[in-house]
Amino acid sequence: MSDAAAATNTIPILLVPDPRLRAKARAVGAGDADQVRLLAPRMLDAMYKAPGIGLAAPQVGVGLRLVVIDLQKEEKPAPLVLVNPEIVAASEELATREEGCLSLPGQYAEVTRPARVKVRWQELDGSKREVEAEGLLATCLQHEIDHLNGMLFVDHLSPLKRNMLLRKLAKELKAKARG
Ligand code: GNR
Ligand code: NI
C-alpha cells in the first residue's frame, strides 16, 4: 500500500483547539455495540502509529465514553479497550509526572494528580472490569478519562503555563501549515 493510502485509512486525531475535544462524551449503550467494535481497533491503530500510549474517542471526533490504552512497556502489544471507564476511588497521595497529548503535539508539562486510582469499566462484551493502578497507568487512565469530560492536561496547569503552552502550540502548528 502507498503511504498516501495508508494515511487515508488511519483515523485522524483532532488537534487543539477543535471544539470536539471540549465536549462531554456520552455513555456507551447497547445500541452502540457495532460502532464501538468497529471503532476500537481503528483507535488502537491510530494510537500505535502516532505513537502514543492512550487515545480517547473524542480525540477522533466520536463523543462516546471509549478509551484505548497500551503502555507498550516491552515490545509486545498489550491493548486495553475500556468502555464507560470511571474512577471509583483516588488516593490522597499525589504524584507529578510529565504528560503529553496527541491532540497537543510537541507540548509537555508536569501534571500533578492522585498517585493511585481504582478504575471500573466494561469490556467490549459488556463484562465488568476493575483495576487499581499506580505509576504511568494511573496517570494515563486519568488523562484519558479527562478527555471523556472535555478536559485536557493543560487544564491542570496554572493559567500562565497553560496559555504559554497553547500559544506555543498554535505558533508551531501555523509554522508547520506554512511548510
Ligand atoms: O501518548 C501519550 N503519552 C502520555 C504521556 C504521559 C501522560 C499521558 C499520556 S497520554 C498520551 C496519548 C494521549 O494524548 N492520550 O489522550
Ligand atoms: Ni491526550
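First listed ligand is number 1; within each ligand, the first listed atom is number 1.
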> Can you find an N/O atom of Thr139 closer than 3.5 Å to an N/O atom of ligand 1?
Replying inline: no
>> Is a donor from one side chain sitting under 3.5 angstrom from an acceptor on the other, for Lys128 and Gln122?
In response: no
> Is it the case that one hydrophobic cluster holds both Met151 and Ile13, taking links as side-chain heavy atoms less than 4.5 Å apart, direct or via other members?
Replying inline: no
> Any side-chain donor-acceptor pair under 3.5 Å between Ser103 and Gln59?
Replying inline: yes
> Would you find a donor on one side and an acceptor on the other, under 3.5 Å apart, between the side chain of Arg116 and the backbone of Ala133?
Replying inline: no
> So, for Pro51 and Leu102, which heavy atoms are closest and what is the spacing to 0.1 Å?
Replying inline: O-CD2, 4.0 Å
> For ligand 1, which atoms have a heavy atom of Cys101 less than 4.0 angstrom away?
Replying inline: 14 (O)
> Does the N or O separation between His147 and ligand 1 drop below 3.5 Å for any pair?
Replying inline: yes
> To which protein heavy atom is atom 2 (C) of ligand 1 closest, and what is the distance rounded to 0.1 Å?
Replying inline: Ile53 CG1, 3.5 Å
>> Need the ligand 1 atom indices (1-based, order shown) with element for anything under 4.0 Å from a heavy-atom of Gly52.
In response: 1 (O)
> Taking distance alone, with no angle check, do His143 and ligand 1 share an N/O pair under 3.5 Å?
Replying inline: yes
> In His143, the N, O or S atom nearest to the Ni ion (ligand 2) is which?
Replying inline: NE2
> Looking only at heavy atoms, is any part of Arg97 under 4.0 Å from ligand 1, and if so is it the side chain, the backbone, or both, or is it neither?
Replying inline: neither
> Taking both backbone and side-chain atoms of Leu136, is any N or O found less than 3.5 Å from an N or O belonging to ligand 1?
Replying inline: no
> Is it the side chain (CB and beyond), the backbone, both or neither of Glu99 that lies under 4.0 Å from ligand 1, heavy atoms counted?
Replying inline: both
> Is Val117 reachable from Trp121 through a run of hydrophobic residues whose side-chain heavy atoms are each under 4.5 Å from the next?
Replying inline: yes
> For atom CD of Glu74, is the number of surrounding heavy atoms from other residues, nucleotides or ligands below 6.0 Å larger than 12?
Replying inline: no
> Charged N to carboxylate O below 4.0 Å: is that the case for Arg129 and Glu123?
Replying inline: yes
> In terms of residue, atom name and distance, what is the protein heavy atom nearest to atom 10 (S) of ligand 1?
Replying inline: Glu144 OE2, 3.6 Å
>> Tell me the protein heavy atom at minimum distance from atom 9 (C) of ligand 1, and give that distance in Å.
In response: Gly100 O, 3.6 Å
> Between Asn149 and Arg65, does any side-chain donor sit less than 3.5 Å from a side-chain acceptor?
Replying inline: yes
> Any idea which part of Met47 is under 4.0 Å from ligand 1, heavy-atom wise: side chain, backbone, both or neither?
Replying inline: neither
>> Between Ser91 (side chain only) and Ala115 (backbone N and O only), is there a donor and an acceptor less than 3.5 Å apart?
In response: yes
> For ligand 1, which atoms have a heavy atom of Glu98 less than 4.0 angstrom away?
Replying inline: 6 (C)
> Which protein heavy atom lies closest to atom 13 (C) of ligand 1, and at what distance to 0.1 Å?
Replying inline: Gly54 O, 3.4 Å
>> Can you confirm, on distance only, whether ligand 1 has an N/O atom lying under 3.5 Å from any N/O atom belonging to Leu102?
In response: yes
